[in-house]
Peer 1: 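Below you will find the structure I want to go over with you.
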Amino acid sequence: MLLQWTKYAQRLGEKGFKIMESLLLINDPKLNGTNITFELPNEGSKLDFEKEMIGLLGHLRGHLHNHDITIEVNVNESIEIRRSFTDQDRYNRLLEINPNIELLRTTFGLDLDA
């Protein structure tokens, strides 16, 4: 689910919808059965997100082959916005999403400093 969520956000970014991309990537959604819970930092972000939620639901339902998926949006003014600033931060974030990246890095002798 997280992979498809991220792909949808990237596709929006490629189309020029950078604000929506950043809203979708502000933190990771939590999956509980077929219900996805997503927290946003304020009401304005929630309103912007809800405008795009139909497209996101269609994407998730189609790619995950599950038409029972729902999204619940909560506003939590105290959430911490996670941003990647350095190459190491970006690598650590990708490693959280997919631990196989470490295998790829070691197999091909890749280094972040190069």
Side-chain angles (χ1 to χ4, degrees):
M1 182 274 303
L2 186 56
L3 177 65
Q4 290 302 323
W5 184 281
T6 306
K7 281 184 178 181
Y8 186 77
Q10 289 171 342
R11 194 170 75 194
L12 284 177
E14 290 168 2
K15 290 181 179 179
F17 298 102
K18 296 292 186 185
I19 293 173
M20 273 310 301
E21 178 186 24
S22 67
L23 284 178
L24 289 170
L25 299 176
I26 211 164
N27 64 23
D28 292 336
K30 296 183 180 35
L31 182 63
N32 184 11
T34 59
N35 186 35
I36 299 170
T37 305
F38 189 60
E39 289 187 347
L40 290 169
N42 56 49
E43 283 294 326
S45 298
K46 180 179 177 182
L47 292 174
D48 289 340
F49 178 82
E50 287 176 342
K51 290 177 188 173
E52 186 61 42
M53 195 163 65
I54 300 300
L56 174 62
L57 271 172
H59 176 83
L60 292 174
R61 288 173 176 170
H63 283 83
L64 299 176
H65 306 290
N66 186 342
H67 294 280
D68 296 328
I69 294 173
T70 58
I71 298 176
E72 177 185 335
V73 182
N74 298 322
V75 174
N76 183 353
E77 305 254 347
S78 65
I79 65 171
E80 194 176 303
I81 298 174
R82 294 174 11 182
R83 297 184 187 199
S84 300
F85 293 109
T86 66
D87 290 340
Q88 185 65 46
D89 292 338
R90 288 184 192 107
Y91 174 76
N92 291 339
R93 174 73 176 125
L94 289 173
L95 193 59
E96 285 177 19
I97 294 171
N98 187 351
N100 291 330
I101 289 178
E102 179 64 22
L103 176 64
L104 180 70
R105 187 186 69 77
T106 55
T107 301
F108 293 104
L110 302 174
D111 192 10
L112 295 176
D113 295 331

Peer 1: Show which side-chain atoms of residues 14-23 pair as donor or acceptor with protein atoms under 3.5 Å away, not counting sequence neighbours.
Peer 2:
residue : atom : partner : partner atom : Å
Lys18   : NZ   : Gly13   : O            : 3.4
Ser22   : OG   : Lys18   : O            : 3.4
Ser22   : OG   : Ile19   : O            : 2.8

Peer 1: What heavy-atom pair brings Lys46 and Val73 nearest, and what distance separates the two atoms?
Peer 2: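 Between these two residues, the closest heavy atoms are CG-CG1, 3.7 Å.
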Peer 1: Between Trp5 and Pro29, which heavy-atom pair has the shortest distance, and what is it?
Peer 2: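 Scanning both residues, the minimum pair turns out to be CD2-CG, 3.6 Å.
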Peer 1: For the backbone of Glu39 and the side chain of Asn27, can you confirm whether one donor and one acceptor N or O come within less than 3.5 Å of each other?
Peer 2: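 Yes.
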Peer 1: Kindly give the heavy-atom pair with the smallest separation between Leu104 and Leu110, and that separation in Å.
Peer 2: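 Looking at all heavy atoms of both residues, the shortest contact is O-CD1, 4.3 Å.
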Peer 1: Without hydrogens or angle criteria, can the side chains of Asp48 and Ser45 be said to hold a donor-acceptor pair below 3.5 Å?
Peer 2: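 No, because no side-chain N or O of Asp48 sits under 3.5 Å from a partner of the opposite role on Ser45.
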Peer 1: If you define the side chain from C-beta out and look only at heavy atoms, does anything of His63 sit under 4.5 Å from Tyr8?
Peer 2: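 His63 does not reach Tyr8 side chain to side chain.
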Peer 1: Out of curiosity, does Leu31 fall in the hydrophobic cluster containing Leu57 (side-chain heavy atoms, cut-off under 4.5 Å, transitive links)?
Peer 2: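 They do share one cluster, since a chain of ILVMFWY contacts under 4.5 Å joins Leu57 to Leu31.
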Peer 1: More than 12 heavy atoms of other residues, nucleotides or ligands under 6.0 Å from CG of Asn74: yes or no?
Peer 2: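 Enclosed.
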Peer 1: Rounded to the nearest 0.5 Å, how far does CG of Leu60 lie from NZ of Lys7?
Peer 2: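 These two atoms lie 12.0 Å from each other.
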Peer 1: Please lay out, stage by stage, how Ile36 and Ile69 fare under the test side chain to side chain contact (heavy atoms under 4.5 Å, CB included).
Peer 2: CA-CA 7 Å; Ile36 299 170; Ile69 294 173; 3.6 Å; yes
Peer 1: Please find the pair of heavy atoms, one from Leu64 and one from Gln4, that lie closest to each other, and give the distance.
Peer 2: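 Closest approach of Leu64 to Gln4, heavy atoms only: CD2-CG, 4.0 Å.
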